[in-house]
Q: 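One structure is given below, represented as structure tokens, and several questions about it will come after.
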Protein chains: 2
Amino acid sequence: MSNTTPAEIAAAWQRERPGTPTESIEIVTPIWQLAKLFADDRARVLRAAGIDAATLDLLSVIRRSGPPYRLTTRELARRTLVTAGAISQRVARAEREGLIRRSPGETGRKSVVVSLTDEGHALIEGSVDSVLGREASLVAGLSADEKATLARLLAKLTADVRRRTSAADGS
Amino acid sequence: MSNTTPAEIAAAWQRERPGTPTESIEIVTPIWQLAKLFADDRARVLRAAGIDAATLDLLSVIRRSGPPYRLTTRELARRTLVTAGAISQRVARAEREGLIRRSPGETGRKSVVVSLTDEGHALIEGSVDSVLGREASLVAGLSADEKATLARLLAKLTADVRRRTSAADGS
DNA sequence: TCCGCTATGTTTAGGCCTAAACAGAGTAGC
DNA sequence: GCTACTCTGTTTAGGCCTAAACATAGCGGA
């Protein structure tokens with residue numbers, strides 16, 4: 001029934017291999033577990049709405065960029081955390097389903113702009129509230145103070161990790 | 001260069017669709033971003049060690065279960081967050097690489113116990129410290145207090161979300 | 001003008017995962 | 001002793017992703 005907690009994992013390593021550097025486990029492991037819990041739950045909610053998480057992410061980025069709801073694939077790759085190849089595939093799938101439209105970009109360079117179709121716009125309007133509403137209910141167990149503190153620490157950690165993992169260095 | 005921050009995403013939704021329930025964004029989004037940053041970084045560290053994250057996870061669970069380093073596939077599925085089918089595939093891959101061994105379980109029911117080979121044991125000993133050490137350095141930007149607070153809030157949130165997503169109900 | 005460099009996208013090969021269909025091993029009740 | 005049911009694992013079909021190989025499109029210097 002109960003899954004292993006991060007604290008138990010760290011304790012198990014210390015018991016089996018005293019001296020193992022386990023300081024990060026109680027931070028990193030729950031982040032992975034939560035990411036998976038949120039992802040699975042979101043997938044379940046979206047299945048009912050006839051859309052998948054990857055497509056929702058794509059349409060969301062375009063939708064909240066505001067009118068005229070158009071972005072180049074380069075911008076899409078920058079604003080989502082996936083590779084250019086993944087964007088290319090997402091766009092192809094969404095285009096096949098009639099949710100977006102591709103058109104050649106005009107300003108210099110070779111470029112492609114992706115824009116929402118009416119169907120795509122309707123689909124995102126109909127699903128974003130249910131997804132975000134559901135997620136708000138999942139974090140409702142924390143008090144306002146706890147949520148603020150957690151958000152602040154996560155923001156700090158994200159900035160730290162991004163700095164330490166990108167480019168050279170690392171120590 | 002800079003990626004969009006969760007706070008900017010929430011602000012964008014409020015600008016475009018006033019009233020969108022964005023309370024969860026500054027919690028859920030950074031968790032996903034961090035999970036991906038950690039996963040990518042771990043994959044990079046492991047590539048050098050000749051092992052992948054899925055196999056490391058498998059061997060780790062068996063290793064820290066203690067002597068005699070044997071678990072049934074059912075136990076493996078329970079202790080990792082993946083499906084039984086995924087375990088079956090992970091075990092098949094690891095067996096092909098000579099890292100684990102499969103043998104019929106004796107106690108009642110049909111069951112299969114997975115045990116570490118010497119090669120598997122050596123591989124996990126040689127990589128766990130480098131992975132955990134690297135991750136410790138990634139979270140080193142937080143003070144001891146901040147780490148403790150973050151760990152506590154993440155543990156609480158994980159318990160909450162698990163409770164709210166499992167089984168029926170949800171509201 | 002020509003050649004090549006750089007910025008952009010797309011395609012391909014392969015990895016890992018989930019859901020669901022399968023299959024085998026015990027167990028329980030008749 | 002049989003049949004049905006319930007655990008356990010494995011296999012299959014399909015999805016999404018990354019890395020890397022491929023294409024193109026403009027620009028720029030000689």
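Residue numbers start from 1 in every chain, and the chains themselves are labelled A, B, ... in the order their sequence lines are given, proteins ahead of strands. Nothing here was measured: the structure is a model prediction, and the numbers come from that model.
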Q: Polar-atom pairs under 3.5 Å, protein N or O versus N or O of nucleotides 21-24 of chain C: list them with distances, or write none.
A:
none

Q: Is it true that A/D57 and A/R90 have a side-chain N and a carboxylate O under 4.0 angstrom from each other?
A: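 A salt bridge is present here (some side-chain N lies under 4.0 Å from a carboxylate O).
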Q: If the cut-off is 4.0 Å, is B/K36 near the phosphate of D/dT18, judged by side-chain N/O to OP1 or OP2?
A: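 Yes, such a contact exists.
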Q: Is the side chain of B/T4 donor-acceptor paired with the backbone N or O of A/R79 at a distance under 3.5 Å, no angle test?
A: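 No, because the side chain of B/T4 does not come within donor-acceptor range (under 3.5 Å) of the backbone of A/R79.
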Q: Using atom CZ of A/R47 as one end and atom P of D/dG15 as the other, report the distance to the nearest whole Å.
A: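 The distance from CZ of A/R47 to P of D/dG15 comes to 13 Å, rounded to the nearest Å.
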Q: Which atom names give the shortest non-hydrogen contact between B/E26 and B/P6, and what distance separates them?
A: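 Answer, listing the atom of B/E26 first, then B/P6: CA-CB, 4.0 Å.
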Q: State whether B/R63 and B/E125 are salt-bridged, where the test is any N-O pair (Lys NZ or Arg NE/NH1/NH2 against Asp/Glu carboxylate O) under 4.0 Å.
A: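 Salt bridge flag = yes for B/E125 with B/R63.
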Q: Check whether any side-chain N or O of A/Q14 sits under 3.5 Å from a backbone N or O of A/T20 as a donor-acceptor pair, and report yes or no.
A: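 Yes; at least one donor-acceptor contact below 3.5 Å.
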Q: Under 4.0 Å, heavy atoms only, any strand: does A/D52 hit a base, just the sugar-phosphate, or nothing?
A: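 Here A/D52 touches the backbone only, sparing every base.
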Q: Grab the CZ-P distance between B/R44 and D/dA19 for me, whole Å please.
A: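 Atom CZ in B/R44 sits about 9 Å away from atom P in D/dA19.
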Q: If the threshold is 4.0 Å, N to carboxylate O, is there a salt bridge linking A/K36 and A/D40?
A: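 The answer is yes: the pair qualifies as a salt bridge.
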Q: Can you pull out how bent the helix from C/dT1-D/dA30 to C/dC30-D/dG1 is, comparing the axes over its first five and last five pairs, to 10°?
A: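 One end's axis against the other's: 10°.
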Q: Check DNA chain C against residues 82-102 of chain B and give the residues with a non-hydrogen atom under 4.0 Å, in numerical order.
A: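 Heavy-atom contacts with DNA chain C come from B/V82, B/T83, B/A86, B/Q89, B/R90, B/R93.
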Q: Report yes or no: does A/T158 contribute a side-chain atom to a donor-acceptor pair with the main-chain N or O of A/L154 at less than 3.5 Å?
A: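 Yes, the answer is positive, given that a donor and an acceptor are paired below the 3.5 Å cut-off.
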Q: Send over the distance from B/L71 CG to D/dG9 P, rounded to a whole Å.
A: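 After rounding, the reported distance stands at 11 Å.
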Q: What is the distance from CH2 of A/W32 to P of C/dC17, rounded to the nearest Å?
A: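 Rounding to the nearest Å, CH2 of A/W32 and P of C/dC17 are 13 Å apart.
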Q: Rounded to whole Å, please give me the gap between CG in B/D57 and C1' in C/dG15.
A: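 My rounded result for the distance is 16 Å.
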Q: Does any N or O in the side chain of B/E75 come within less than 3.5 Å of the main-chain N or O of B/T72, such that one atom is a donor and the other an acceptor?
A: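 Between the backbone of B/T72 and the side chain of B/E75 there is no qualifying donor-acceptor contact (under 3.5 Å).
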Q: Between A/E23 and B/K147, does at least one N-O distance fall below 4.0 Å, as a salt bridge requires?
A: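 No, A/E23 and B/K147 are not salt-bridged.
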Q: OP1, OP2 of C/dG9 versus side-chain N and O of A/T73: anything below 4.0 Å?
A: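 Yes, A/T73 has a side-chain N/O under 4.0 Å of OP1/OP2 on C/dG9.
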Q: If every non-hydrogen atom of B/S60 is compared with every non-hydrogen atom of B/I124, which pair is closest and at what distance?
A: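 So the minimum-distance heavy-atom pair works out to OG-CD1, 3.3 Å.
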Q: A/E75 or A/D40: which one's nearest nucleotide on DNA chain C is closer to the 5' end?
A: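 Its nearest nucleotide being more 5', the pick is A/E75.
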Q: Is it true that B/R17 and A/D129 have a side-chain N and a carboxylate O under 4.0 angstrom from each other?
A: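 Here B/R17 pairs with A/D129 in a salt bridge, since their nearest N and O are under 4.0 Å apart.
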